[in-house]
Amino acid sequence: MSRSSFDIVVGATWKTNPHCLARIYAYRPVDREFDFSSVIDIIDIVIDGANITSRLPEDSIFTIMHDLVAGLAAIQSGRIDKTIIGFQEAPWELAIQSGGDAVEISLYCVGFKGDVAVHNRRVEPRELLSEVCYATEVLLDDLLNLNSAFAKEGTV
């Protein structure tokens, strides 16, 4: 079975959203924990050139990336074989499981419709990790450039 290409395209409109920016600029480490769920944007997951998340509405970009990083770290360390990332604003789940020398990726609609956008597409583990690391670094760099106080925030 051939391997699929995998890309993550990180949206950036949250950096110009006045509602987000007012809260981000005002954040201080002594404040209560920051709620990242309000920082929404579109994160596009592209497999073999097709945007498989194109039907998803905006969701918390930081929550998705956090769950993706945590899930992949658990898979890489051998603690789990499969992780599921839920999209809060839509009835979709992204499933990633180890598949021997590859990682298998699926995107399912949860509920009565039961669409399957992609099922068990095999991806090179290094390619997946590289894309996730790059997207995470870009997000964190952007966030810390807006307000360096986030460096001490628990979720970050």
(request) Look at the side-chain heavy atoms of Ile, Leu, Val, Met, Phe, Trp and Tyr, link any pair under 4.5 Å apart, and say whether Val138 and Val39 land in one connected group. (result) no

(request) Specify the closest pair of heavy atoms between Gly49 and Ser5, including all atoms of both residues, with the distance to one decimal. (result) N-OG, 4.1 Å

(message) Quick check: closest heavy atoms across Ala149 and Pro29, and the distance to 0.1 Å?
(response) CB-CD, 3.6 Å

(message) Membership question, hydrophobic clusters at under 4.5 Å side-chain separation (ILVMFWY): are Ile84 and Phe62 in the same one?
(response) no

(message) Nearest 0.5 Å, please: how far is CG in Asp67 from CG in Leu94?
(response) 10.5 Å

(message) Working to the nearest 0.5 angstrom, can you tell me the gap between Glu131 CD and Arg126 CZ?
(response) 14.5 Å

(request) Please round to the nearest 0.5 Å and tell me the distance separating atom CD1 of Ile61 and atom SG of Cys20. (result) 10.5 Å

(request) Write down the atom of Ile52, the atom of Ala117, and the distance for their closest heavy-atom approach. (result) O-CB, 4.1 Å

(request) In sequence, state the C-alpha distance, the side-chain angles, and the governing distance for Arg121 and Ser106, and then conclude on side chain to side chain donor-acceptor pair (under 3.5 Å). (result) CA-CA 7 Å; Arg121 296 294 283 274; Ser106 303; over 6 Å; no

(request) For residues Glu127 and Phe6, report the shortest heavy-atom separation together with the two atoms involved. (result) OE2-N, 2.9 Å

(message) Quick one, Val103 and Ile75 - any side-chain contact, counting heavy atoms below 4.5 Å?
(response) no

(request) Give a yes or no on whether the backbone of Ile45 and the side-chain of Thr53 come within a donor-acceptor separation of less than 3.5 Å. (result) yes

(message) Would you compute the distance between atom CD1 of Ile64 and atom NE2 of His66 and round it to the nearest 0.5 angstrom?
(response) 13.0 Å

(message) Let me confirm one number: the OG-CG distance from Ser4 to Asp48, rounded to the nearest 0.5 Å.
(response) 4.0 Å

(request) Would you confirm whether Ser77, through its side chain, and Ala73, through its main-chain N or O, come within 3.5 Å as a donor-acceptor pair? (result) yes

(request) Output all residues satisfying side chain to side chain donor-acceptor pair (under 3.5 Å) with Gln97, sequence neighbours left out; order by chain, then residue number. (result) Glu104, Asn120

(request) Report yes if some heavy atom in the side chain of Val116 is under 4.5 Å from a heavy atom in the side chain of Leu107; otherwise report no. (result) no

(request) Verify, without hydrogens or angle tests, whether Glu153 (side chain) and Phe34 (backbone) share a donor-acceptor contact under 3.5 angstrom. (result) yes

(request) Evaluate side chain to side chain contact (heavy atoms under 4.5 Å, CB included) for Leu129 paired with Leu72, printing each intermediate quantity in order. (result) CA-CA 8 Å; Leu129 289 172; Leu72 287 178; 4.2 Å; yes

(request) State plainly whether one hydrophobic cluster holds both Val69 and Tyr134, where clusters connect Ile, Leu, Val, Met, Phe, Trp and Tyr through side-chain heavy atoms under 4.5 angstrom apart. (result) no

(request) For the pair Arg3 and Asp101, find out whether any cationic side-chain nitrogen is under 4.0 Å from an anionic carboxylate oxygen. (result) yes

(request) First locate atom CD1 of Ile8, then atom CG of Asp44, and finally report the distance between them rounded to the nearest 0.5 Å. (result) 10.5 Å

(message) I'd like to know whether the aromatic ring centres of Tyr25 and Tyr27 sit less than 6.0 Å apart in this structure.
(response) no

(message) Are Ile40 and Leu140 connected into the same hydrophobic cluster when the rule is that any two of I, L, V, M, F, W, Y join if their side-chain heavy atoms are below 4.5 Å apart?
(response) no

(request) Under 4.5 Å between side-chain heavy atoms, chaining through other members, with only Ile, Leu, Val, Met, Phe, Trp and Tyr counted: pull out the rest of the cluster around Val9, sorted by chain and number. (result) Val46

(request) Measure from the ring center of Phe150 to the ring center of Phe36 and say whether it is less than 6.0 Å. (result) yes

(message) Using a 3.5 Å distance criterion without hydrogens, assess whether the side chain of Asp81 forms a donor-acceptor pair with backbone atoms of Ser98.
(response) no

(message) Asp141: which residues meet the salt bridge (Lys or Arg N to Asp or Glu O under 4.0 Å) condition with it, sequence neighbours left out?
(response) none

(request) Please examine the side chains of Glu93 and Ile85, heavy atoms only from C-beta on, and report whether any two atoms are closer than 4.5 Å. (result) no

(request) Check whether any side-chain N or O of Asp115 sits under 3.5 Å from a backbone N or O of Cys109 as a donor-acceptor pair, and report yes or no. (result) no

(request) Decide side chain to side chain contact (heavy atoms under 4.5 Å, CB included) for Ile96 and Leu68; before the verdict, give the C-alpha distance in whole Å, the side-chain angles of both, and the deciding distance to 0.1 Å. (result) CA-CA 9 Å; Ile96 301 173; Leu68 193 52; 3.4 Å; yes

(request) Under the side chain to side chain contact (heavy atoms under 4.5 Å, CB included) rule, what do Leu143 and Trp14 come out as? Steps first, then yes or no, please. (result) CA-CA 10 Å; Leu143 181 65; Trp14 65 272; 4.2 Å; yes

(message) With a 4.0 Å cut-off on N to O distance, would you call Asp35 and Arg23 a salt bridge?
(response) no

